[in-house]
Structure formats: structure tokens, C-alpha cells
Amino acid sequence: MKRLRKYQKWIVINFVAMGVLMAAVAFVWGQNSGTNQSDEEWISNLRKMQEIQQQAEAVKKAEGEDKKFVDESYAKEQAVLAKLQTLGQDKRDAMGRVITSGKLAMNMSPVSFWGTDWAWANILTTAKWTDDRGWRKGEMFVDTKGKYPEGQYVCTWEGMAEIRFGGDGTILSYEPGRVVVDVQPQRGLTIWVRSQPNDGLKNLKLWLPGTEGQASPFYPLFVERLRPFGTIRFMNWQLTNNNKEVSWRNRPTIENQNQDGRGVALENMIALANELKSDAWFCMPAMADDDYVRQFAMMVKKDLHPDAKIYVEYSNEIWNGVFQQHRYIMDQAKKKAAIKGVKWDWLDEWSWEMSRVFKIWDEVWVDEPERIVRVIAGQEVNAWITEQLCVKVGKGNFDAIATTAYFGNKHEGGALPKVSEQQVLPLARGLVAEGVKILVNERGEARMKQGAVAKKFGVAYLTYEGGQHFTPGGKTATAVVATAQVLPEMYEAYLLNMRLTEKAGGQMFNAFDYCEPATNFGAWGHISYQNEPLEQAPKYRALLDYYNVKYPEAVDVTPK
């Protein structure tokens, strides 16, 4: 009806403009007919007519531009609504069971030499390399308490090199280009490599048991336990927080052997989404220039499987003062305000950067716009920020808003307290009860406000991170947080958390994150190590149970 009224207004104004023009012609004709006017008077009257005609044409042109704006706005809104129809679709097996939920997403864990997610078939991908008296020393699975695969690892390479192993590895056989190592996990694994520049050493790999020479870069169980998740968010793999990447030529590539310190190559992120047949959620670095964003979008378009949707987000948590990207936006806003001499605050700058990124992706994907979901990520407890960003970016220029969906304890500071073994369990239960209280009294209401913003702008409401948010410090010991993760109460709290998110209109729950043990910095992993028995992982089970997802198939791996 709004669109119809705008067209009615346009028709009326056109009739008015035509009437003005006809009156002007009549005026000039009447002034000149039957009289002996001078040439000067005739020219003067003609100019009056031309001025009136120009005014009428200006009115018509302005209304035409307004009509064009109405048409484009309407088309954009319809395109957004069309995308919403295809969000949240599940994949089912022949028996009709949900095997991958479109409403369930997962954030990747950080890539590190101490990781317990066993992501890579070639574990040297995440080794920490240092120089050691003429040798290159690589360390893997450090501080994992033996939670990594046991069995026979195979080291392969081309060219000439000396290879040694230490830590939990013992060489079983050694021949040029291939070493077999028996690994019994306890403290971690170490490799030493020595070669000369003219030795031609290349393609050095250390294969986890049973993976030698496989085409996929990923460990099978890592892939299998990610299958239930319809979307994978790569924020941690991209090292999005505090990322200073500007130029595409400086990005990490698959030629960088170590994907730890520089982030994971986009080629590997695409490879994982392709193997999972999942959707992909990418975060554009805060400082990335236009060429970086364009090249990124072009590679995704060229190589990602054709059934995938792509969620595009500008950086991560710009609102969060902990991160450098927040300070970058604040500084840019101050600079622009000083140069332009106008009011230009951090929300203006943030929305401008988002619009810049979204526009580039729109241009690259102009022939498949339905596959791109442009996400405005706000702050869960502050719907005002989200709404301001929506207004500034403009209706029809984005497809979803996203917030966190966390519950946990109040943030505390100070040294970690010491608690007795007898105190851990009751304190852990009390911690979960406190988190549920905050969830019901505060977070549920906050999400309802965010859902209202999404409804107002006709877009989807998603989460970009979610789950428990219990952190050690002050009154809470790490052991208490770790124990809370495996309680039956945690399973029930998760179900409540997702139910309140869905009640607020949430169309996707994006868990944070996949696989990490509890540490002094929190307990983010939904499994603490890759082959953890799922009966000991209530957070992972709650995600699958809530969305009725079929459990992943068993994969024969070690340790047992």
C-alpha cells in the first residue's frame, strides 16, 4: 500500500506539472496574439515561458528520481525477503533425519601448536618453529596433556634433509624421503630438521596416523564432528581480532607452511566448506583495502561450492573496546570529522566501512545476489547500537543483524582463587545457576529487543557467537569453570539459552567455539579434545539435540 500511495503521488504531480506548462503556453500565446508587440516584449514573454517549462521539467525529473528510488528500494527489500526464505534450511538423509541443520552454526577454534582439535592431516601445518643450534625445531601438541592421536606418524619430504624426532616420538624406520615414527602421547611431539640451501628440501609433511597422502588437508574426525553445523564461521581462522592486514598480497597462503601465526589461508577455509558442503561466514579485516575485499570475494566466488551461502561481516565486535579494530574505527572517525569539519562519530565510520564492504561483495556477486548474506553485527545488550547501524547502512542494503547469545557469570578481575577439591562441585553448580539467572533476567529480554529491530527492518536475526561465557578470576577458579562444563545442568542451561534465542526471533545459533579445553581464559570449546566421548560433552550434545540433528558417524581414531 505504501508503494501504491507513492505512485499515486507521482501521477498527481505529473498532472500538475503538465497543467503548469499548458498554462504558461496559453499565457505567452495570449500575450502575443492580436497585438503589435516589439521583439523585446516577445523575447521577454518567451523567456518567461521557458523558465516555467524548465521548472515543470525539474519537478518531473525530481519526481522521476524519487520514483526510481522507490523502485530500487522496493527491489532491495524484496531481494532481502527472498533471502530470508532460504535461511535455516536443513539437509536430511534418506530416512528423513536432519544431518546438517541450517539453524545451527559453529565458530572455528584458534589454530595453534597447542590445539586439541586435530584439524590437519599434516600436523606441521600448526607446528611452532624455532632455530635450535643449526636445526629447525618444530613443536606440536604442547600442553595438551596427551590429548592427541597415538600411533604411527609418517614424515615425508622431497630433496635432502636430516630429520630427528623427540618428545613423545620414537623413530621406527628411516629411509630417504620417509620416516615412520611411533607416538605415545604424553607431553607433546618435537621434530628437528636440518638442510642446506642447495639441498632442495620441499613438501615436508608429518602425517597423522592413517592419513598419509590423502587428498583432503583435514583429519577425518575433525570433519565428521563438524558435519552437523550448516554454517562455519571463520573469524578465529582469519585472526580477525587485532588484524592489521591491508593488502591482498600480504595475506596468508597455502605456501605458508605454518597457518598458526599468520592465520589460515582462504584456500583452506574454502576447502573445509567444500568438504562439509556447508555455508561459510567470513569476517573482512577492519583495515583491508578495497582490492583485498574484492580479491577475497572473487576467490570465494570462483572456488566455493555452488550450493553455499556466504555470510559477510565487517571485522568482529567493533563495539568492543578490548580489540584494536574498535580503536581503529574510533581513530578514523576522529580524522574524518576533523577533515570534513562535520559531526562524524564511530557509528558513522563503522556503518560507512560496512557499506563499503557490502557494496564490493554486491558487485562481485551481482549475478548471484541471493547467495550473499550481508550481516550487521551489533552488541547483544545494546539494541540502540544495532538500530543506529541499520539506519545508517540503510534498509535493503543488508540482510541480517547478528549478536552474541551468551550466558555466564559476571566478569571478575584479580588473581584466581584457590579452592579445595571438595568445594569444586558445589561451586560449579552454583556458577551454572547464577548464569541461568542472568540469562532469564537479562539476556532473554535483550534478545527480544534485538529481534524487534530485525523485524522493524525486515531482516534475519542471527547470532555470531553463543553458548556459555563462564570465565575464571576473582571468586571463580579455573577448576570450577572446567567442572561446570560437564554438568547435566549445563546441558539444560544450553537448551534454555537456545530456546530464548529462538523466542526472540533468532534464525541461527552460532556456537563459540568448536574444540578447546578449559583454561584460565575460559572454556569455549564445545568439546575439549577431538575424540572426547560425546557423553562427556553436554554442550555439543545440547546443540544437536535442540535442532534434532543426527549424530556424526563414528570414525576409528586413536587414542581410544
Are a donor atom and an acceptor atom from the side chains of Asn107 and Asn510 found within less than 3.5 Å of each other?
yes
Is the closest side-chain donor-acceptor distance between Tyr292 and Glu245 under 3.5 Å?
yes
Examine Phe218 together with Trp120 and report whether their ring centres are nearer than 6.0 Å.
yes
Hey, are the side chains of Ile171 and Val180 touching, using non-hydrogen atoms and a 4.5 Å cut-off?
no
Do the side-chain N and O atoms of Asn520 and Thr478 include a donor-acceptor pair separated by under 3.5 angstrom?
yes
Does any part of the side chain of Pro185, heavy atoms only, come nearer than 4.5 Å to the side chain of Phe141, both counted from C-beta?
no
Main-chain N/O of Val381 paired with Gln379 side-chain donor or acceptor, under 3.5 Å
no
Looking at NZ of Lys145 and CD of Gln186, how far apart are the two atoms once the value is rounded to the nearest 0.5 Å?
14.5 Å
Distance-only, no hydrogens or angles: does the Gln423 side chain make a donor-acceptor pair with backbone N or O of Val419 under 3.5 Å?
no
Output yes when a side-chain donor or acceptor of Asp93 lies under 3.5 Å from a complementary backbone atom of Ile99, and no otherwise.
no
Value rounded to 0.5 Å, distance of CG in Asp279 from OH in Tyr311:
5.0 Å
Between Asp168 and Gln184, a side-chain donor and acceptor under 3.5 Å
no
Working note: Glu502 + Arg499, criterion salt bridge (charged side-chain N to carboxylate O under 4.0 Å, His left out); need CA distance, chi angles, decisive distance, verdict.
CA-CA 5 Å; Glu502 191 169 38; Arg499 186 158 60 249; over 6 Å; no
Distance only, no hydrogens: is a donor on one side chain within 3.5 Å (strictly under) of an acceptor on the other, for Glu275 and Ser216?
yes
With no hydrogens and no angle check, just 3.5 Å: does a side-chain donor-acceptor pair link Tyr464 and Glu317?
yes
To the nearest 0.5 angstrom, please state how far the CZ atom of Phe229 sits from the CE atom of Met108.
10.0 Å
After noting the C-alpha distance and the side-chain angles of Arg233 and Glu313, does the key distance pass the salt bridge (charged side-chain N to carboxylate O under 4.0 Å, His left out) rule?
CA-CA 10 Å; Arg233 184 171 181 252; Glu313 177 186 0; 3.0 Å; yes
Answer yes if the side chains of Asp545 and Tyr551 hold a donor-acceptor pair under 3.5 Å, and no otherwise.
yes
With distance as the sole test, does Asp132 use its side chain to make a donor-acceptor pair with the main-chain N or O of Arg136 at under 3.5 Å?
no
N/O donor-acceptor pair under 3.5 Å between Asn242 side chain and Phe323 backbone:
no
Ignoring hydrogens and geometry beyond distance, is a side-chain donor-acceptor pair present between Thr156 and Arg178 at under 3.5 Å?
no
Within the side chain of His305, is there an N or O that forms a donor-acceptor pair under 3.5 Å with the backbone of Ser278?
yes
Please say which of Lys205, Glu212, Gln214 ends up in a side chain to side chain contact (heavy atoms under 4.5 Å, CB included) with Asn122.
Lys205
Distance (rounded to the nearest 0.5 Å) between His469 NE2 and Ile438 CD1:
11.0 Å
Can you tell me if Phe521 has over 12 outside heavy atoms packed within less than 6.0 Å of its CZ?
no
Side chain to side chain, Met490 and Tyr494, heavy atoms closer than 4.5 Å:
yes
So which heavy atom on Gly169 is nearest to which on Val183, and how close?
CA-CG2, 4.3 Å
Determine the minimum heavy-atom distance between Ile401 and Gln450, stating which atoms define it.
CD1-O, 3.3 Å
Is it the case that the side chain of Tyr153 and the backbone of Pro149 share a donor-acceptor pair, with hydrogens and angles ignored and the cut-off at 3.5 Å?
yes
For the pair Phe222 and Tyr514, evaluate ring pair (Phe, Tyr, Trp, His ring centres under 6.0 Å) and give the outcome as yes or no after the intermediate values.
CA-CA 10 Å; Phe222 168 81; Tyr514 176 47; 5.7 Å; yes
For Phe296, the option from Arg251, Lys301, Gln238 that meets side chain to side chain contact (heavy atoms under 4.5 Å, CB included):
Gln238
Sidechain-backbone polar pair: Thr483 side chain, Ala479 backbone, donor-acceptor under 3.5 Å:
yes
Verify the distance criterion only: is there a donor paired with an acceptor across the side chains of Lys103 and Gln507 at less than 3.5 Å?
no
Other residues, nucleotides, ligands: >12 heavy atoms within 6.0 Å of Arg327 CZ
yes
Calculate, to the nearest 0.5 Å, the distance between atoms OH and CG belonging to Tyr406 and Leu439 respectively.
14.0 Å
Under a plain distance cut-off of 3.5 Å, with no hydrogens placed, do Tyr461 and Thr403 share a side-chain donor-acceptor pair?
yes
For Glu535, does the CD atom have more than 12 heavy-atom neighbours from other residues, nucleotides or ligands under 6.0 Å away?
yes
Is there a donor-acceptor contact under 3.5 Å from the side chain of Glu492 to the main chain of Pro488?
no
Which residue in the set Arg447, Glu380, Glu465 passes side chain to side chain donor-acceptor pair (under 3.5 Å) when paired with Thr404?
Glu380
So which of Leu204, Val193, Leu206 actually passes side chain to side chain contact (heavy atoms under 4.5 Å, CB included) with Trp157?
Leu204
Rounded to the nearest 0.5 Å, what separates atom CH2 in Trp135 from atom CH2 in Trp192?
9.5 Å
Do side-chain atoms of Asn316 reach the backbone of Leu239 as a donor and acceptor pair under 3.5 angstrom?
no
